[in-house]
Amino acid sequence: MVWVHLVMYRPVLLPDRPVPDVVRDVEDLAGHMADLLATDPAQQPSAIAAANRVLDACCEFVERWTVGGASPHGFRGDVLRLRMRLDVIANRLVPADLELDRVAS
């Protein structure tokens with residue numbers, strides 16, 4: 001489920017969108033990760049670790065853009081860094097059947 005959420009949120013995490021919209025979407029993603037951690041104890045350890053990493057990255061981003069006083073000039077780079085961090089996490093979680101498809105093509 002962590003991988004599915006990361007894939008679903010990737011298209012909306014764009015640096016050209018208004019800051020409040022991106023922050024709200026990142027908060028939503030963090031909420032999904034928190035829900036997964038709280039409600040699905042039968043997850044694999046790698047999924048739990050990934051959800052925790054996503055939650056940490058999202059919380060850092062939201063804090064920086066709501067109470068951290070981040071410079072508006074740094075928003076684009078910050079969004080791109082967050083996307084890269086989430087991509088790395090997602091790539092480590094690619095389901096086995098999709099991994100086989102990617103190798104075959």
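Here the structure is a predicted model, which is why all the values come from computation and not from measurement. Note that these values count all heavy atoms, side chains included, but never hydrogens, waters or copies made by symmetry.
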The criterion is side chain to side chain donor-acceptor pair (under 3.5 Å); which residues satisfy it with R83, sequence neighbours excluded? none
F75 vs V22, side-chain contact (heavy atoms from CB on, under 4.5 Å): CA-CA, chis, key distance, verdict: CA-CA 10 Å; F75 182 70; V22 175; 3.7 Å; yes
Say whether, by atom type as modelled, one donor and one acceptor occur between the side chain of Q43 and the main chain of A51 under 3.5 angstrom. no
Ignoring hydrogens and geometry, is there a side-chain-to-backbone donor-acceptor pair from D78 to G74 under 3.5 Å? no
Is the closest side-chain heavy-atom distance between [X] and [Y] below 4.5 Å?
X   : Y   : result
L29 : L86 : yes
W65 : V26 : no
R53 : R92 : yes
V12 : R17 : yes

Would a single hydrophobic cluster contain both L80 and V88, if residues Ile, Leu, Val, Met, Phe, Trp and Tyr are joined by side-chain heavy-atom contacts under 4.5 Å? no
What verdict does the side-chain contact (heavy atoms from CB on, under 4.5 Å) test give for F61 and V23, after you've listed the backbone C-alpha separation in whole Å, the side-chain angles of each residue and the deciding distance to 0.1 Å? CA-CA 8 Å; F61 180 90; V23 169; 4.1 Å; yes
Of all heavy-atom pairs between D16 and R76, which one has the smallest distance, and what is that distance? OD1-NH1, 3.0 Å
Smallest separation among heavy atoms of V2 and A50, with atom names: CG1-CB, 4.2 Å
Going by the rule ring pair (Phe, Tyr, Trp, His ring centres under 6.0 Å), which residues pair with H5 if we only count those two or more places apart in sequence or in a different chain? H32
Atom [atom1] of [X] and atom [atom2] of [Y]: how far apart are they, to the nearest 0.5 Å?
X   : Y   : atom1 : atom2 : value
Q44 : I48 : CD    : CD1   : 9.0 Å
L37 : L55 : CG    : CG    : 6.5 Å
M33 : D56 : CE    : CG    : 12.0 Å
Y9  : L82 : OH    : CG    : 12.5 Å

If you apply the rule side-chain contact (heavy atoms from CB on, under 4.5 Å), what do you find for L14 with V79, and how did you get there? CA-CA 7 Å; L14 300 172; V79 172; 5.8 Å; no
With a 4.0 Å cut-off on N to O distance, would you call E60 and R85 a salt bridge? yes
